[in-house]
Amino acid sequence: MAGQVVVTGGAGCIGLAICRRLRAAGRTAVALDLPAAIAAVDWDSPANQGIATVAGDVTARPSLEAAARSLAPGEPAAGLVNCAGILRDTFLGRVSDDQMDLMFQVNVAGMARVTDVFAPRLADGSAIVNIGSLTGQIGRFVGASVYGATKPSPPG
């Protein structure tokens, strides 16, 4: 199936790598990220050529709706990769309510919000992939307990 695949957090390390792999597989990769994150990437470099960008904030539904409207008109999306995520110093007892709220808004509510906005634009047979973290399963990183709770991954 041809078509656009939207990757949230597409200007970040993991998201950009996913966009590159999608492009190499013949897909139209669309990196959805904050304007500052998009501006920080050299999209003209050979490694990034052919990756489309769209500004969007996973914490703000109106921003996502505008991003969805900006996709190629009449071309349903072939997939959605929920990759956006943030990690903050989360030692219990030192993590602020603002840090916890932001992690949940991006890592949990953002994934649900993006899926809610983009799912109606997906073609039949499309896939939605939610990127988790081993931290959610085995908790290996010191100070990442709240992050791990927001980025679970399936066992196995």
Exercise. Just jot down the side-chain contact (heavy atoms from CB on, under 4.5 Å) partners of Ala52, sequence neighbours excluded, or say none.
Key: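 Partners of Ala52 by the side-chain contact (heavy atoms from CB on, under 4.5 Å) criterion, ordered by chain and then number, come out as Val30.
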Indicate every side-chain donor-acceptor pair of residues 34-41 with a distance under 3.5 Å to a residue at least two apart or in another chain.
none

Side chains of [X] and [Y]: do they bring a donor and an acceptor to under 3.5 Å?
| X | Y | value |
| --- | --- | --- |
| Thr115 | Asn82 | yes |
| Asp98 | Ser96 | no |
| Gln49 | Arg23 | no |

Quiz item: Are Met103 and Val114 in one and the same hydrophobic cluster, where Ile, Leu, Val, Met, Phe, Trp and Tyr link if side-chain heavy atoms are under 4.5 Å apart?
Solution: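 Yes, one cluster joins them.
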Practice problem: Determine whether Val54 and Val106 fall in the same hydrophobic cluster, where Ile, Leu, Val, Met, Phe, Trp and Tyr are linked whenever their side-chain heavy atoms lie under 4.5 Å apart. | Solution: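 Yes, because Val54 and Val106 connect within a single hydrophobic cluster, where side-chain heavy atoms sit under 4.5 Å apart.
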Using atom types as modelled and distance alone, determine if a side-chain donor or acceptor of [X] lies under 3.5 Å from a backbone N or O of [Y].
| X | Y | result |
| --- | --- | --- |
| Ser126 | Ala77 | yes |
| Asn107 | Thr150 | no |
| Thr59 | Gln105 | no |
| Ser63 | Asp57 | yes |

Self-check item: Whether over 12 other heavy atoms sit under 6.0 Å from Asp97 CG
Solution: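 Atom CG in Asp97 is not packed in, count stays at 12 or less.
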Exercise. Inspect the surroundings of CZ in Arg21 and state if more than 12 heavy atoms from other residues, nucleotides or ligands are less than 6.0 Å away.
Key: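 Atom CZ in Arg21 is not packed in, count stays at 12 or less.
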